[in-house]
Amino acid sequence: EAKQQLAYMYYLKSDYNTALKVIKSNLNMLSDTANAERSSGASSKRLDQEISQLRKQVSTYEQALQAQVKQRSAIQVG
């Protein structure tokens, strides 16, 4: 059962890492666009809101990954 749990943990970690890469890529793209809008004098309020939401998602995924690392360590020790 422990081996199955570890396999599942590795699977989830892979999913989280993939999601993080996509979100960070979108975050970088939106940040670049918002900076361009600001420098041209346009309002970037909508983009800033989206950027804030993506940053929260990144934080959530990173916390989930850390929790998985702790859980995986506990499974390996136990």
Side-chain angles (χ1 to χ4, degrees):
E1 185 175 324
K3 286 183 180 182
Q4 287 177 338
Q5 286 178 330
L6 282 173
Y8 183 67
M9 298 299 282
Y10 282 109
Y11 169 78
L12 286 179
K13 182 180 180 201
S14 176
D15 278 356
Y16 281 128
N17 281 329
T18 301
L20 265 173
K21 286 179 186 176
V22 170
I23 293 169
K24 286 181 177 181
S25 175
N26 289 340
L27 181 59
N28 289 335
M29 181 185 63
L30 285 175
S31 293
D32 291 344
T33 303
N35 288 335
E37 285 190 7
R38 279 187 217 100
S39 66
S40 71
S43 173
S44 63
K45 185 176 180 178
R46 183 184 59 79
L47 287 175
D48 290 336
Q49 289 172 342
E50 288 182 43
I51 289 168
S52 177
Q53 288 176 341
L54 286 177
R55 286 185 177 143
K56 288 176 186 174
Q57 285 181 344
V58 166
S59 177
T60 299
Y61 277 106
E62 288 174 341
Q63 289 172 3
L65 280 170
Q66 288 301 318
Q68 282 185 352
V69 167
K70 289 179 184 177
Q71 187 176 5
R72 191 172 62 223
S73 295
I75 291 170
Q76 288 174 334
V77 171

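Being a predicted model, the structure only gives us computed values, none of them experimental.
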Requested in this report: Identify, with sequence neighbours excluded, every residue that meets side-chain contact (heavy atoms from CB on, under 4.5 Å) alongside Q68.
Outcome: M9, L12, K13, Y16, L65

**Report entry** Residue list, side-chain contact (heavy atoms from CB on, under 4.5 Å) with S44, at least two apart or on another chain
**Finding:** A34, E37, R38, D48

Query raised in the report: Can you list every pair that meets ring pair (Phe, Tyr, Trp, His ring centres under 6.0 Å) and has a residue in residues 26-57, with sequence neighbours left out?
Result: none

Query raised in the report: Got a second to check how far I51's CD1 is from R46's CZ, nearest 0.5 Å?
Result: 10.0 Å

Pairs under 3.5 angstrom only: tabulate donor-acceptor contacts from the side chains of residues 20-33 to other protein residues two or more places apart or in another chain.
| unit_1 | atom_1 | unit_2 | atom_2 | d |
| --- | --- | --- | --- | --- |
| K24 | NZ | E62 | OE2 | 3.3 |
| N28 | ND2 | K24 | O | 3.3 |
| S31 | OG | L27 | O | 2.9 |
| T33 | OG1 | M29 | O | 3.0 |

Report summary line: By side chain to side chain donor-acceptor pair (under 3.5 Å), Q53 pairs with (sequence neighbours left out) none

Report task. Calculate, to the nearest 0.5 Å, the distance between atoms CG and OG belonging to L54 and S59 respectively. Result -> 12.5 Å

Query - Non-neighbouring partners of K45 that pass side-chain contact (heavy atoms from CB on, under 4.5 Å), sequence neighbours left out - result: S43, Q49

